[in-house]
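This report refers to the structure that appears directly beneath it.
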Amino acid sequence: MIDLRRLREEPDYRSGVERKGASAQSISDVLAADANAREQRVGTEELRAKSNAASKDIGRAAADERQAKIEAAQILKTALQEAESALAAAETHVADLALQLPNPAHASVPDGGEDDYRVELEVGQPGPAPALNHAEIGDKLGLVDTERAVRMSGSRFAYVMGDAVLLQFALVQWVMSKLVQRKFVPVIPPVLVREDMMVDAGFFPTDRSQVYELEKDELFLVGTAEVGLAGIHRGERLEAEMLPRRYVGYSSCFRREAGTYGKDTQGLFRVHQFDKVEMFVYANPAVSWDELELLRQVEEEIFAELEMPYRVITVAAGDLGGAAAKKYDLEVWLPSEQRYREVTSCSNYTDYSARRMGTRVKSEQGTEVMHTLNGTACAIGRTLLAIFENHQRTDGTINVPEVLRPYCGLDILGPTG
RNA sequence: GGAGAGGUGACAGAGUACGGUCGAUUGUGCCUCCCUGCUAAGGAGGUGUCCUCGUAAGGGGACCGUGGGUUCAAAUCCCACCCUCUCCGCCA
C-alpha cells in the first residue's frame, strides 16, 4: 500500500509510481478521491463531536429535561448516520484505488519493461550445451521422475529421488549454515495461511489465481516462505535497536502456474510444488538499501561457490511488480538453452508491504513504517537442475560441487536403484 | 470432534450482575524533578496508539480480541467470527 501523503506532497515519489507504469490519470484519481474523503472526514467528525457532547449532556441532565434532549440527539444521530455512510463509501473508494498503485521505483532502477533490465555483472565462463538437458539426465539417472508423478498428481509434479534427494538436503543445510553464520534466524513457517495474511503480504488480490485454496478450511497454500516470514511481526512496533531483524525460512512452495501452459514443461524448472530457502529482512528505513546489497551479496556468493556461471540484472521499473521498489535477479547459465535463467532474486519492498502489515519501528524521530526486503537464498529445484547441466560429466554422471560434498557424502551423482 | 473458562493500555490486574461522570481505578515498569556520601528507600509530576484540522499553540475523532447490531449513549447488552486456556476423545 502506497503512502498517500507522500504521493500528494513529493513529486519524486509520484514520478516513481509513474515509472512503474501507473497512469497520470490513475494517480490523480486517487489523489482526488483522497482529498474528497479527507474533507468528508472532517465534516463527519464535527458532527460526531456534537453528537457525543449531546449524549454526555443527557447523562448529566435532570429527569424532566431528558426526553427533550433525547429527541434532539436523535435528530443529530440521523444526520451523523448519513454522513458516516457517505464517508465509508468515500474511504472504500480511496482504498480500492490506492491498492492498485504500485510502490514507486527507486531512482537507480532503469526505465522500461521486461527487456530493459540492466546487466550489473557476469561471472564465470558460460559452457557449451551438455549431452543431455536437465530433464533428460534427471530421467536417465533416475533423479527426477516426472512420468510417475504425473500419473499420480497430474502435470508439473515430480518425484525427486536417489542422490538428488541427498543433494537437496546438502544444499539446504549448506545454505542454512551460511546464513546462520550471518546472524539470520532460521525459521520453518506454516505453509497454510488465512486469507487476510495473503492480502497483507501483498499476494492477494493480484496473484490469487496462482494460489491453491483449501476451500473447506478457508486456508491457502503459500507460494513462498516469504508469506510466513512477512507475518512474523505483523501488527508489531519494534524498537529501533532491534533492527535489522534477518530471517531465513525453509518451506515447500505451491504454485498453480495458471497461464503458463506449454512453458518450461520439462523436469523441475516449473513445477507446482518445490522447496525453497528464503531470506527476509526487517530494516530501518535509513539503511534498507544496504540490506538489499547484503541479500544480493549472499546470493552471488552461493552461486559462485557452487561454481556456476551467472549474471546479475537490475529489473526495469515496468517489470517490477507492485511491491518492489528495486529488484535484482540472479540468473544462472543454463547450457542446454544457451542462456541465463532466473534462479534467485532479491527485492526491497520499502514500506509498501509493512504498511498493510502494520509493522512499524519506534525510534527517536517517532514511529514510522519499517522497510522489508526479501530474497531467495536457494530455490532448490532450479539449483538442482542447474547443477545437472553445468556439472555434467562426459561419462553421463554429475559432479557434486566441492562445497556440498561434506554435506551429502557424495562426489558424483550416479544412477538411482 | 465434545464440554467449560477467558481475551482490557509495556506488564499485572479492576471495571462488565444495575449501559451515561470510563480511554478507562490500582500496582509494577519507564521518564523528569526533589531528597540523598554511594546504593537502597522515600516524595512530586509525567508516561498508549492511529487518523485528522492547524505554521504553531492547540482542537476534534477512533481504538477495551475482530467484525456487525441495539441505543441519544456500549469495555459493559445482542449476534457472528478469531484466538488462548482447562477437561474429554483422537493422533505423530
Side-chain angles (χ1 to χ4, degrees), chain A residues 1-9 30-99 188-201 204 213-220 227-228 231-243 245 252 285 351-370:
Chain A
M1 171 91 131
I2 204 159
D3 187 332
L4 287 171
R5 181 191 303 267
R6 292 186 67 190
L7 185 66
R8 65 176 184 255
E9 288 174 0
V30 170
L31 289 177
D34 179 49
N36 173 48
R38 279 183 297 127
E39 191 184 321
Q40 290 205 48
R41 187 173 303 124
V42 173
T44 305
E45 285 179 0
E46 273 172 15
L47 211 46
R48 192 179 287 134
K50 272 188 208 167
S51 182
N52 286 347
S55 290
K56 282 200 172 176
D57 192 41
I58 291 168
R60 286 187 294 261
D64 59 330
E65 291 176 342
R66 284 209 173 185
Q67 197 48 44
K69 285 180 188 267
I70 286 173
E71 276 161 27
Q74 278 165 344
I75 292 166
L76 267 178
K77 187 198 179 182
T78 311
L80 178 59
Q81 277 172 338
E82 273 172 36
E84 276 177 340
S85 59
L87 174 61
E91 284 180 333
T92 305
H93 185 54
V94 174
D96 287 348
L97 292 178
L99 274 180
I188 297 177
V191 294
L192 283 167
V193 302
R194 267 200 241 104
E195 183 171 15
D196 53 348
M197 191 59 217
M198 293 300 273
V199 173
D200 287 357
F204 283 5
E213 174 172 1
L214 281 76
E215 209 172 325
K216 191 175 174 188
D217 297 289
E218 296 184 71
L219 290 168
F220 298 82
V227 179
I232 292 177
H233 295 296
R234 179 149 72 144
E236 294 183 15
R237 195 167 43 132
L238 304 180
E239 301 291 335
E241 53 269 27
M242 288 174 71
L243 301 180
R245 303 282 294 179
S252 292
D351 59 1
Y352 194 79
S353 161
R355 177 168 295 107
R356 259 195 281 189
M357 284 284 178
T359 306
R360 293 163 300 158
V361 54
K362 190 180 179 182
S363 62
E364 280 142 26
Q365 299 84 38
T367 303
E368 57 185 327
V369 177
M370 76 173 69

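Remember, it's a predicted structure, so these values are computed and weren't measured experimentally. Residue numbers begin at 1 in each chain, while the letters A, B, ... track the order of the sequences.
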Might you list the N or O atoms of the protein lying below 3.5 Å from N or O atoms in nucleotides 48-50 of chain B, with each pair's distance?
unit_1: B:U49; atom_1: O3'; unit_2: A:Arg360; atom_2: NH1; d: 3.3
unit_1: B:C50; atom_1: OP1; unit_2: A:Arg360; atom_2: NH1; d: 3.2

>> Please give the distance between the P atoms of B:G29 and B:U71 as a whole number of Å.
In response: 47 Å

>> With heavy-atom distances below 4.5 Å as the criterion, would you say the side chains of A:Met198 and A:Val193 are in contact?
In response: yes

>> Please report the distance separating the P of B:A80 from the corresponding atom of B:U86, rounded so that it comes out in whole Å.
In response: 25 Å

> Taking only residues two or more places apart in sequence or in another chain, which ones pass salt bridge (Lys or Arg N to Asp or Glu O under 4.0 Å) with A:Glu236?
Replying inline: none

> Quick one: are A:Ser353 and A:Met357 in side-chain contact, heavy atoms under 4.5 Å?
Replying inline: yes

>> Say we look at B:C51 and B:C34: how far apart would their C1' atoms be, to the nearest angstrom?
In response: 39 Å

>> Between B:A24 and B:U47, how many Å separate the two P atoms, rounded to a whole number?
In response: 11 Å

>> Going by the rule ring-ring contact (aromatic ring centres under 6.0 Å, His included), which residues pair with A:Tyr352 if we only count those two or more places apart in sequence or in a different chain?
In response: none

List, with names and distances, any nitrogen or oxygen atoms from the protein found under 3.5 Å away from nitrogen or oxygen atoms belonging to nucleotides 74-82 of chain B.
unit_1: B:C82; atom_1: O3'; unit_2: A:Arg194; atom_2: NH2; d: 2.8

> Applying the salt bridge (charged side-chain N to carboxylate O under 4.0 Å, His left out) test to A:Asp200, which of A:Arg356, A:Arg234, A:Arg355 qualifies?
Replying inline: A:Arg234

> Could you state the CZ-C1' distance from A:Arg66 to B:G19, rounded to the nearest angstrom?
Replying inline: 11 Å

> For B:C50, what is the paired nucleotide under Watson-Crick or G-U wobble rules, both distances under 3.5 Å?
Replying inline: B:G61

> Whom does B:G89 pair with, Watson-Crick or G-U wobble, provided both distances fall under 3.5 Å?
Replying inline: none

> Quick one: side-chain contact (heavy atoms from CB on, under 4.5 Å) partners of A:Glu45, sequence neighbours excluded?
Replying inline: A:Arg41, A:Arg48

> Expressed in angstrom and rounded to an integer, what is the separation of A:Glu84 atom CD from B:C51 atom P?
Replying inline: 20 Å

> Using purine N1 to pyrimidine N3 plus N6-O4 or O6-N4 for Watson-Crick, or N1-O2 and O6-N3 for G-U wobble, both under 3.5 Å, which nucleotide pairs with B:A5?
Replying inline: B:U84

>> For B:G19, give the paired nucleotide (Watson-Crick: N1-N3 plus N6-O4 or O6-N4; G-U: N1-O2 and O6-N3; both under 3.5 Å), or none.
In response: none

> Who passes salt bridge (Lys or Arg N to Asp or Glu O under 4.0 Å) against A:Arg38, sequence neighbours left out?
Replying inline: A:Asp34

>> Could you tell me how far B:G6 sits from B:A14 if I compare only their C1' atoms? Round to whole Å.
In response: 16 Å

> Which heavy atom of A:Val30 sits nearest a heavy atom of A:Ala98, and at what distance?
Replying inline: CG2-N, 4.2 Å

> How would nucleotides 52-66 of chain B be written as a contact map, 5' to 3', with B for base contact, S for sugar-phosphate-only contact and - for no contact, using protein heavy atoms under 4.0 Å?
Replying inline: SS------BSS----

>> For A:Glu46, give me all partners under side-chain contact (heavy atoms from CB on, under 4.5 Å), at least two apart in sequence or on another chain.
In response: A:Val42

>> By nearest heavy atom, map A:Gln74 and A:Lys56 onto RNA chain B; which one lands nearer the 5' end?
In response: A:Lys56

> To the nearest 0.5 Å, how far apart are CD1 in A:Ile2 and CG in A:Leu97?
Replying inline: 11.5 Å

>> Under a 3.5 Å distance rule, please check whether A:Thr367 uses its side chain to pair with a backbone N or O of A:Lys362 as donor and acceptor.
In response: no

> So what's B:A74 paired with, Watson-Crick or G-U wobble, going by both distances under 3.5 Å?
Replying inline: none

Extract from the structure each pairing of a protein N or O with an N or O of nucleotides 89-92 of chain B at less than 3.5 Å, listing the distance.
none

> Once you round to the nearest 0.5 Å, how far does CG of A:Leu76 lie from CG of A:Asn52?
Replying inline: 10.0 Å

> Atom CD of A:Glu39 to atom C1' of B:C51: distance rounded to whole Å?
Replying inline: 17 Å

> Under 4.0 Å: is that the gap between some side-chain N or O of A:Lys77 and OP1 or OP2 of B:C72?
Replying inline: yes

> Partners of A:Arg245 by salt bridge (Lys or Arg N to Asp or Glu O under 4.0 Å), sequence neighbours excluded?
Replying inline: none

> How far, in whole Å, is B:U21 from B:A74 if one measures between their C1' atoms?
Replying inline: 15 Å

>> According to salt bridge (charged side-chain N to carboxylate O under 4.0 Å, His left out), does anything in residues 69-82 of chain A pair up with another residue at least two apart or in another chain? List the pairs.
In response: A:Asp57-A:Lys69

>> Can you measure A:Glu71 atom CD to B:U71 atom P for me and round it to whole angstrom units?
In response: 15 Å

> Given atom CD1 of A:Ile58 and atom C1' of B:U21, what is their separation to the nearest angstrom?
Replying inline: 14 Å

> Across all strands, who's sitting opposite B:A44 as a Watson-Crick or G-U wobble pair, both distances under 3.5 Å?
Replying inline: B:U32

> What distance, rounded to whole Å, do you find between the two P atoms, one in B:C11 and one in B:C30?
Replying inline: 15 Å

> When rounded to the nearest 0.5 angstrom, what distance separates CG in A:Asp3 from CD in A:Glu368?
Replying inline: 11.0 Å

> Under a 90° cut-off about 0 for the syn range, is B:A17 syn or anti?
Replying inline: syn

> For atom P, what is the distance between B:C81 and B:A12, given to the nearest Å?
Replying inline: 28 Å

> By side-chain contact (heavy atoms from CB on, under 4.5 Å), which residues pair with A:Arg194, not counting sequence neighbours?
Replying inline: A:Asp196, A:Leu219

